[in-house]
Amino acid sequence: MAAPELVQTDPEGIEGIRMTWNNWPRTKVEASKCVIPIAASIQPIRPHVDLHVLPYIPLRCKSCSSVLNPFCRVDFTALLWICPFCFQRNHFPQHYNSISQTNLPAELYPNFSSIEYAIPNYPQNPQNYNSVPVVPPTPIYLFVIDTCVIEEELDFAKSALKRAIGMLPDNAMVGFISYGTQVQLHELGFLEMSKVYVFRGSKELSKDQVLEQLGLSSTGGRRAGTGVQKPGGQLSPTAGSVNTGINRFLLPASECEYTLNSLLDELGTDQWPVAPGNRALRCTGVALSVAAGLLGASTVGTGARIIALVGGPCTEGPGAIGSKDLSDPVRSHKDLDKDAAPFFKKSVHFYEELGKQLVSQGHVLDVFASALDQVGIAEMKVAIERTGGLVVLAESFGHSVFKDSFKHIFEDGEQSLGLSFNGTLEINCSKEIKIQGILGPCTSLEKKGPAVANTAIGQGNTTAWKMCGLDRNTCLTVFFDVSSSEKSDPSGTNPQLYIQFLTSYQSSDGQTRLRVTTVTRRWVDSAVGTEDLVQGFDQEAAAVVMARLVSYKMEMEEAFDATRWLDRNLIRLCSKFGDYRKDDPTSFTLNPSFSLFPQFMFNLRRSQFVQVFNNSPDETAYFRILLNREIISNATVMIQPSLISYSFNSLPAPALLDVSSIAADRILLLDSYFSVVIFHGMTIAQWRNMGYQNQPEHQAFAHLLQAPHDDAQLIVRDRFPVPRLVVCDQHGSQARFLLAKLNPSATYSNVHEMAAGSDVIFTDDVSLQVFIDHLQRLAVQAS
Amino acid sequence: MATPGGPRPGNIPPIYTPNSLANKMQELQINQPNLPQSNNPTVGASRPPITTPFGQQPPTFAGTRPGPPLPSAFMRGPVLPSPSGPPSTLSRNVASDRPIAPPPGSQPSPRFTSRPLPPGSLPSSMGGATLSLASGSSPQLGPGPHQQLFASSPLMSGPAAPPPLSTSGPLSNGLPRITPAQLQDGPRFPPVMGSTPRPPPIAAPQPARMLSSGSSSQHPLLRPNFGGPSASASLATAQPGPPSASPQNMTPSPAPSPFSAPIQSVPPSSGSPYGMQTCMSQQQQVAPPPPFPGLQPPRMYGMPPPLPNQSMAPTSPALGHTGAVVTAQSMVDLNHIPRPIPSSIVILHMTRQGNQANPPPPATSDYIVKDTGNCSPRFMRCTINQIPCTVDLLSTSAMQLALLVQPLALPHPSEEPIQVVDFGESGPVRCSRCKGYINPFMKFIDQGRRFICNLCGFTDETPHDYHCNLGPDGRRRDADERAELCRGTVEFVASKEYMVRDPMPAVYFFLIDVSMNAIQTGATAAACSAINQVIADLPDGPRTAVGIATFDSNIHFYNLKRALQQPLMLIVPDIQDVYTPLESDVIVQLSECHQHVEILLESIPTMFQNNRIADSAFGAAIKAAFLAMKSTGGKLLVFQSVLPSIGTGSLSAREADGWRNISAGEKEANKLLQPADKTLKTMAVEFAEYQICVDLFITTQTYVDIASISVIPITTGGQVYYYYPFTALSDPAKLYNDLRWNVTRPQGFEAVMRVRCSQGIQVQDYSGNFCKRIPTDVDLPAIDCDKTIMVTLKHDDKLQDGSECAFQCALLYTNVYGQRRIRVSTLSLPCTTLLSNLFRFADLDTQFACILKQVTSEVPSTPLPQVTEKPKNLCINILHSYRKFCASASASGQLILPEALKLLPLYTLGLLKSCGLQANGRIDDRSFWINYVSHLSTHSAIPLVYPRMIAIHNLDEKEMDDSLIPETVPLSSEHITDEGIYLLENGEDCLIYVGNSVNPDILRKLLGISSVEEISRQFVLQQYDNPLSKKLNNIVNEMRRQRSSYLRLKLCRKGDPSGTTFFSYMVEDKTPGGLSYVEFLIHIHQHIQRKMP
């Protein structure tokens, strides 16, 4: 296959896959010498113009159940195909009879290494799918809104909700929960009066308890007949009628929009008193259990999202992250390090359980947090990530980061996130390959098989994963291992290795799809030489994988020294793949395939992923969730922001991520993924303040001013969550958003060396140059 | 008199105003349009005050004293004054007046004029009479000195008194007529000697006559006191009794003769009260024999001391012949066995006369109390009106010593309102040792610098600002101006030290069952409509708050405070572990949510119209409501229709199992009458702790295990209302009226009560609906005018003969207006060493009420046969003691009954046949009965076991005098004819029995049906356009008013289960399991004889 770097414009291609190594070392030992683990970043349902959708059921290998793909060997005369994974011979069924060299089904086209099957909803009765219009299960949107906030915030949240409800498809089922000190589940189907089920915030509720108390329990004799409470009442036209009970709470958007709107109009802030010096009692945990419990009554296989708008820390009941006493600050990284966060473990455990429940139901938890304080994303992370939920952290429900992101979810068409439900990922691979696990928004289904590696990274011990929620950008990192036992097959009968990713999911319009992506890579014998390995190295992917891995290790391993680990690995890598003379730092050079990597590592060391102490645990969790679920290019930006410079004299051009790029007559546009900064040089700022851009004769200046804004809008528009847009001037306070990301090549210690007009950064951090110098020195002496 | 003006600040609302009550009472009868009219006549006749009270109110509340109210007061005045005024003329006037309003103008003057007169006269008489009575052996001598002592004072006070009176008139306007009386009273005490001569002629004679004539002519004797003499007479004829008795009773026998003499000279004192009665109630009787005071005085006194008869008096003739009881039967004149004879006469009762406690009139009679030192018997009455000095004496008598305390009892509308005394910051003066409150019997010594507590005997320093010099009579000079020094009952304004928090607001939380059954039987709709109507009657003001919740297998609260249209329903689904769904806004100030409440109540029945949930989470619901009310406390009114089947405190339908056990002859059949478990009890104690009172309205058609759920009202000072089987046609009216009375009757919240006794006696135990956490105090989350608490007493020392023993009940409570008050009632009774006195002063009603309560309380825990033995043995022992020690001379073949207790056997028989003691009764009926008795007031106890029955088929034949209610018919099927229609009521239920051969015309006129066959189970009394129907309605309404209960009307006919029910009330009949009245008397007699040596 073509090495991805050759296709820079679309590195993922139709496959949506990038690997750290595109040529694989054949043995385990060799693999470990490569330093950077063999991993693939996959984007399971990446949209692509060339993607074909086949309206039939795929053919599967009868022994390993992999799907027919372009890498199969096909015997047209015998009507046989040989599975590349297990070498099983399979007969084509009757309807493939007309197959021939010139008449290939789409799935055998070599350029359709990714292909999608639209599975009819009654697969057990395939003849039927054309004649009977099957109503696809409609997704459920269960909104959970925090009312322990100030009036203004609540109003923002309410208007966001109203707009969202208006944007939902008419048949989407909607439910509504508000909570504060207690949880209020609104029964939307009760027309005589606003009706609310109230749950106490302090008591943990199991799913069964929730269902029983809502009269939805299938087994509970307690209130048999509850479901019949409104005979002759509204009957949902949709499929939900299987379970009448739940229709009291979940109604099609078209039916309940009015009810919901008036309900939102009346919704006030939480009434339970807050003692002075205390935080509001907020029972986010129970609210989410109730939501999860309620969804538990929905039909199996129905996609559902819990969309939680959280305005502060949970202080009551299960999932509490802190005490209600304001004088106890919410846990910091330091507290976590010193094990001085008494609520943390309990809370995490609670969310783990909640996550498990949601996963078993196939439902998603989305959290939109907006507070100046932390709300507990660090604890909720596990539930969000396991279910493939979305998370947005903002300062206020009125802030565009929240508002636009929230709107984005429900948008249709081009901008659509393509929210899908109930995804399952299965991986088939050549038998020399073992799968260690996946980092990213998914849950292991614990499906054991020969391809399962002994050691697990992330969600491991399986060849199948559940993704309750996934969207077009969802990205997973699969870690592979090379089986050493396969050394017994030195002849290398097959120089190619094959991996097939099967992703079945329910698209946003309710259709069941199966995306089949089959890739092949080449085995290389690295003992012979590293050339092939080097050529197959994807530094961006590697940097991102390292970032994900180091984050994972920081979370999982006690007292893990991330910086050190990164440094050591970088040194090893450079020692292995660099060209140098021993002990001569000056002789050190790196192949272009590796040349950017040290800088990535330099920036990664300084990034929020490693230097967590500058952030709250919530922010760290938030950053990491996004790091794990974003595509490589976006993740790269998180690690090493991009910087574009605008000036009169030249076209907009990338600039060095260095303090030296700052100039008085330049505008800089920094994209660090979470924020987009437009930075005006001093002179530009002065001109602008004097209003030159408004004068016809200075139209060029107006254009110059406008250009970065336009570009920023482009970035902002496509991205979810919407980044924070910061517009600042040199020497302004907001300039810190830029300065923090720049290479401190100019600090107060060497300010005299710098050219006039540039800037300095007040830091003790080493600059890239110093870092590289050290690296070279250590690399050459290491081995 | 004078006092009221002083201590009572204008702005302190009266404790409660009689008028308002009267109002409510009237309103009790909702359905009948003409009620008001009908009432008025009655009222006018029997109790003029009812109207007057209204007049009174305004002044007290508004503070505008004289202006507006006066006229009204005067209006009534006429009627009232009459008593005090010249007897004959006035009385007549009154009689004629009733229909026509008397001219107001003319009346007042007489009053005033008369006032001065009475004072003098009364006292003298009083003093003499009482003293003589009390002391017994030394009748006249005793008084002499005393009087002299007092004599001086009267003069002093005498003059002083009148002026205040006049002023007080307007103030206390409510009591216009009383005022005269009061005036008299006031002086009476002190001025004993004063104007002795005059009064006698005036008042005294009449009463005496009245009584004598009335009683003798009419019927034997319901009233021991009044009737006593006459009855005795009639009976006596049959028996040799009286004479023989006299010898035995040392005191009594001599007494009569001596008295007679003095009496003649001094009749008035006692007379005056009676005079009142006569005037008020029945003039006819009065009219005839006005003149001779001398003759009758004894009877008048009769009440307390009276007559010779008392001692041996009431020998019921039942068994004329000696040993041969059985044979005797034939001889028994059924018409002469003792039976209660209700009288419509209104008695004026002064609690003390001549510095002596005055034995109270029967609790069941109609009386007006003049508080002259002892508290009104409505508030507190003792089983014996003289206290035995030793425990031996008491046990010899076989009677028990107990108090029935009803601290907020509903006064007669024409009684003077209780005075409110404000001691300011320092709070009321109290004994520093026993903490007894200042009362008229505290003795001030040492120029008033110190006082001796009448309860513990400790000598205290008088607080500096409370100091007052003593007058020559040894009383404080300001004694008559200070209510706490001259009234048996006063209310103190509680100071800060009596509050642990601000007085709580009046919170009413309504909890309505909306489970399938409740909806389908119409119970929910009835409850909602009743609440909706009652909302307007809740006390006004910002301190009144309401909340509403409904429940089936969930609990539904409603947020009533919302800007937008709809109330919000908040469901609490966790019924194992409940909570309140909102911190505020579940209970909202009434003024803010009136509309919402109305809308909500209207929509609840339709909203749950199709509810298919049959389960009821009663326990969880009340717990949740409790949590919502916890911060304030208040009243929780629960409307429950089915057995609590789910959630906290759920119950099982154990009745069915129970029956099996009973039929299997298991011994623990009574277990079903005990609470199923402790859950609800624990809950109830917690409720009480947070001052929450629960009332249960059970509208059901099935078993709901009242035995278990009634624990909650019992512990929290509430009560159970039981509508079984509930019918949507006839029960909603009663439900509404019960609810209305429940919330509008005089009541208090967060109350604590304690009874203190003089040294030598101590409280043994309290029983009633309350929660007791420490032995000495009773915690009452709520208390109202209908709740009675029994206080049993025991000796811990000897009492001094001739001294007095005092009982003081102090009730600290918050009234509905949020004022914290201490109501203190003090009763001081003489001590005696004479057994005969105990019998003479026994209070039958109170004794029987105590027996009833004690027996009832044992029913759940003791096998029935043992329970029924107890009242029988008590009755036998008492009568035996009397026979043995006080009437030993009589022929052994005679059953001799003390006059005061002559009805004891009948009531005992009634008790044995009552619902609660029937092994085969429905468990819930029995449980309800047990619960009903636990808080029953003294005056309701008798009707419960011996209901009142009247014939109503011949209403037009009888010329009814002023009393609305026709003569009662004995509860014996012999008195029931097939042609008759009878109405029987016991204070709770009202049965109308229709004979099989009733004149269809009458049937149609009365009940609107043409034949007996049309009788249905559901019955609503309607008024048709004919005099018969009007009369019937008037009668029923009057009964409702008297009972403060709407009465549940049922039609009964022969050969039908309903007929069986009716006949089960025929107490005097022989039943399969019980003796007839005559047989019972014989039975008792046999036992007594057997005991005699």
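Here is the naming used below: chain letters follow the sequence lines, and residue numbers restart at 1 for every chain.
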> With no hydrogens and no angle check, is any side-chain donor or acceptor of B:Tyr579 less than 3.5 Å from a backbone partner on A:Gly201?
Replying inline: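 Answer holds: no.
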> In Å, rounded to the nearest 0.5 Å, how long is the span from CE of A:Met193 to OH of B:Tyr558?
Replying inline: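 Taking CE in A:Met193 and OH in B:Tyr558, the distance rounds to 6.0 Å.
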> How many angstroms lie between atom CG of A:Leu214 and atom CD1 of B:Ile571, to the nearest 0.5 angstrom?
Replying inline: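 The CD1 atom of B:Ile571 is 9.0 Å from CG of A:Leu214, to the nearest 0.5 Å.
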Show me the side-chain donor-acceptor pairs of residues 626-635 of chain B shorter than 3.5 Å, one per line, residues at least two apart or across chains.
residue	atom	partner	partner atom	Å
B:Thr632	OG1	B:Met629	O	3.3
B:Lys635	NZ	B:Asp695	OD2	3.0
B:Lys635	NZ	B:Asn742	OD1	3.3

> Would you say A:Lys162 has more than 12 foreign heavy atoms packed within less than 6.0 Å of its NZ?
Replying inline: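 Correct, the count exceeds 12.
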> ring-ring contact (aromatic ring centres under 6.0 Å, His included) with A:His186: which residues, sequence neighbours excluded?
Replying inline: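 Expected list: A:Phe176.
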>> If I measure from the heavy atoms of chain A, does B:Thr580 come under 4.5 Å with its side chain, its backbone, both, or neither?
In response: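 Contact with chain A involves both backbone and side-chain atoms of B:Thr580.
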> Which residue out of B:Met569, B:Gln609, B:Gln576 racks up the most heavy-atom pairs below 4.5 Å with chain A?
Replying inline: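 Highest number of pairs under 4.5 Å: B:Met569.
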Restricting to non-hydrogen atoms, name the atom on [X] and the atom on [Y] that form the minimum distance, rounded to 0.1 Å.
| X | Y | answer |
| --- | --- | --- |
| A:Phe199 | B:Pro573 | CE2-CG, 3.5 Å |
| A:Gln184 | B:Leu570 | NE2-CD2, 3.5 Å |
| A:Lys203 | B:Asp577 | NZ-CB, 3.4 Å |
| B:Asn554 | A:Tyr197 | ND2-CE2, 3.6 Å |

> Given a strict heavy-atom distance threshold of 4.5 Å, which part of A:Gln182 is in contact with chain B: side chain, backbone, both, or neither?
Replying inline: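 Contact with chain B involves the side chain of A:Gln182 alone.
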